[in-house]
Visitor: 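What follows is a single structure, and I will ask about it in a moment.
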Amino acid sequence: LTQITPQNAKNLQLQWVLQTRAPAEPTSKYEATALVVDGVLYTVQPPNVIVAPDAVTGRVFWTYAYTPSPLARACCGRINRGLAILGHTLFMSTIDGNLVGVDARDGRLLWTTPVGKPEQGYSGTVAPLVVKDKVIMGPAGGEYGISGFLAAYDPATGRQVWKFNTVPQPGEPGHDTWAGDSWKTGGGSIWTTGSY
């Protein structure tokens, strides 16, 4: 916190630039916060391309481009808000409602887990959150009438470990506050990363 001061800020110089590809469509936007681990910067280009440049030189080590289903719908832009990492695995939610695990060393896909069906309006825009030995995330899509939830996944396999419905399902506390079948399309989506 003492390296950059009001006195020396005028001496800062650009070190490198990462030329990213232009968004594929007008609704694509950059909203990701980069991760830096062991000298590698990991970031996401919209909608689901991971780029891993050297944090010192900007030289790109690898990229991983996920191809979303054409059924993917996103109300507010084809965006991705970032990645999570645990050990040598990066985690990314996808615009078509999946969670993927990618090897941080070479960009190789390790697994893909469905979170929700894109044709029903489920998508993934949130940066997952690693809490101890779990990857936490939930789907976007409340605008399309999904029934939202927050879930934990096994980082080695992508298998869902637990799920908390933000809109109570039958038999859950609070379900009786939803008239008729309105709970089925109640929204309650997750579009921002929580804190732990």
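Both backbone and side-chain heavy atoms feed into the values below; hydrogens, waters and symmetry mates do not.
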Visitor: Are Phe61 and Leu109 co-members of a hydrophobic cluster defined by side-chain heavy atoms under 4.5 Å apart?
Guide: yes

Visitor: Do Tyr42 and Val36 belong together in a cluster built from hydrophobic side chains that touch within less than 4.5 Å?
Guide: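 Tyr42 does not cluster with Val36.
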
Visitor: To the closest 0.5 Å, what do you measure between CD (Glu31) and OG1 (Thr192)?
Guide: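 Rounded to the nearest 0.5 Å, the CD-OG1 separation comes out at 9.5 Å.
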
Visitor: Do the side chain of Asn165 and the main chain of Pro168 share a donor and acceptor less than 3.5 angstrom apart?
Guide: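 Side chain of Asn165 to backbone of Pro168: no pair is present.
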
Visitor: Could you tell me if the side chain of Val44 sits less than 4.5 Å from the side chain of Val49, heavy atoms only?
Guide: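 They are not in contact (no side-chain heavy atoms under 4.5 Å apart), so the answer is no.
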
Visitor: Got a second to check how far Asp133's CG is from Asp154's CG, nearest 0.5 Å?
Guide: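 If we round to the nearest 0.5 Å, Asp133:CG and Asp154:CG are 7.5 Å apart.
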
Visitor: Any chance the side chains of Gln169 and Ser147 put a donor and an acceptor closer than 3.5 Å?
Guide: yes

Visitor: In the structure I gave you, are the side-chain heavy atoms of Val130 and Pro155 within less than 4.5 Å of one another anywhere?
Guide: no

Visitor: Minimum heavy-atom separation for Pro128 and Val135, please, with both atom names.
Guide: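 Minimum heavy-atom contact is CB-CG1, 3.7 Å.
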
Visitor: For Trp62 and Asp103, which heavy atoms make the closest approach, and how far apart are they?
Guide: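 Shortest heavy-atom contact: CZ2-O, 3.8 Å.
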
Visitor: Does a donor on one side chain sit under 3.5 Å from an acceptor on the other, for Asp96 and Tyr66?
Guide: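 Side chains of Asp96 and Tyr66: pair found under 3.5 Å.
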
Visitor: If we ignore hydrogens and angles and just use 3.5 Å, is the side chain of Thr193 paired with the main-chain N or O of Val126 as donor and acceptor?
Guide: no

Visitor: Which heavy-atom pair separates Leu129 from Ser195 by the least distance, and what is that distance?
Guide: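 So the two residues come closest at CD2-C, 4.3 Å.
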
Visitor: Provide the closest heavy-atom pair for Leu83 versus Ala127 in the form atom of the first, atom of the second, distance.
Guide: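 Minimum heavy-atom separation between Leu83 and Ala127: N-CB, 4.0 Å.
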
Visitor: Does NZ or CZ of Arg108 lie under 6.0 Å from the centre of the six-membered ring of Tyr64, at an angle within 45° of the ring axis?
Guide: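 Not flagged: Arg108 not positioned over aromatic ring of Tyr64.
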
Visitor: Supply the atom-to-atom distance Phe91 CZ to Thr89 OG1, rounded to the nearest 0.5 angstrom.
Guide: 5.0 Å

Visitor: Please examine the side chains of Tyr30 and Pro46, heavy atoms only from C-beta on, and report whether any two atoms are closer than 4.5 Å.
Guide: yes

Visitor: Are any side-chain N or O atoms of Trp191 and backbone N or O atoms of Gly124, one a donor and one an acceptor, separated by less than 3.5 Å?
Guide: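 Checking the backbone N and O of Gly124 against the side chain of Trp191, no donor-acceptor pair under 3.5 Å is found.
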
Visitor: I'd like to check Val60 versus Leu18 (side-chain heavy atoms, cut-off strictly below 4.5 Å). Are they in contact?
Guide: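 Result yes, sub-4.5 Å side-chain heavy-atom pair found.
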
Visitor: Counting N and O atoms only, with roles assigned by atom type, does the side chain of Thr185 sit under 3.5 Å from a partner on the main chain of Gly145, one being a donor and the other an acceptor?
Guide: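 Flag not set: sc Thr185 to bb Gly145 has no pair under 3.5 Å.
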
Visitor: Taking C-beta and beyond as the side chain, do Met137 and Ile190 meet within less than 4.5 Å on heavy atoms?
Guide: no

Visitor: Just verifying a value: how many Å separate Asn98 CG and Ser123 OG, rounded to the nearest 0.5 Å?
Guide: 11.0 Å

Visitor: If Ile, Leu, Val, Met, Phe, Trp and Tyr residues are connected whenever their side-chain heavy atoms lie under 4.5 Å apart, and connections chain through other members, are Tyr153 and Tyr122 in the same group?
Guide: yes

Visitor: Would you confirm whether Asn48, through its side chain, and Pro68, through its main-chain N or O, come within 3.5 Å as a donor-acceptor pair?
Guide: no

Visitor: Check the hydrophobic clustering (I, L, V, M, F, W, Y; side-chain heavy atoms under 4.5 Å; chains of links allowed) and say if Ile95 and Tyr144 are grouped together.
Guide: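 No, separate clusters.
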
Visitor: Does a sphere of radius 6.0 Å around CG in Leu12 hold more than 12 heavy atoms from other residues, nucleotides or ligands, not counting ones at 6.0 Å or beyond?
Guide: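 Yes.
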
Visitor: I need the minimum non-hydrogen distance between Trp162 and Ile136, along with the two atoms involved.
Guide: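 For Trp162 versus Ile136, the nearest heavy atoms are CZ2-CD1, 3.7 Å.
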
Visitor: If we ignore hydrogens and angles and just use 3.5 Å, is the side chain of Asn80 paired with the main-chain N or O of Met92 as donor and acceptor?
Guide: no

Visitor: Is there a donor-acceptor contact under 3.5 Å from the side chain of Ser189 to the main chain of Ala140?
Guide: no

Visitor: So does Val56 get a backbone contact from the side chain of Trp16, meaning a donor-acceptor N/O pair under 3.5 Å?
Guide: yes

Visitor: How far does OG1 of Thr43 sit from CG of Leu35, to the nearest 0.5 angstrom?
Guide: 8.0 Å

Visitor: With Lys163 as the cation and Phe149 as the aromatic partner, state whether NZ or CZ is under 6.0 Å from the six-membered ring centre and within 45° of the axis.
Guide: yes

Visitor: About how many Å separate CD of Gln15 and CD of Gln13, when rounded to the nearest 0.5 Å?
Guide: 7.0 Å

Visitor: Please determine whether residues Val131 and Val161 belong to a single hydrophobic cluster, defined as Ile, Leu, Val, Met, Phe, Trp and Tyr linked transitively by side-chain heavy-atom distances below 4.5 Å.
Guide: yes

Visitor: Decide yes or no on side chain to side chain contact (heavy atoms under 4.5 Å, CB included) for Val102 and Ile50, but give the supporting numbers first.
Guide: CA-CA 9 Å; Val102 175; Ile50 302 173; 4.0 Å; yes

Visitor: Using atom types as modelled and distance alone, determine if a side-chain donor or acceptor of His88 lies under 3.5 Å from a backbone N or O of Ala104.
Guide: no

Visitor: Between Asp181 (side chain only) and Lys184 (backbone N and O only), is there a donor and an acceptor less than 3.5 Å apart?
Guide: no

Visitor: Check Leu99 against Ser93 and note the closest heavy-atom contact, atom names and distance.
Guide: CD1-N, 4.3 Å

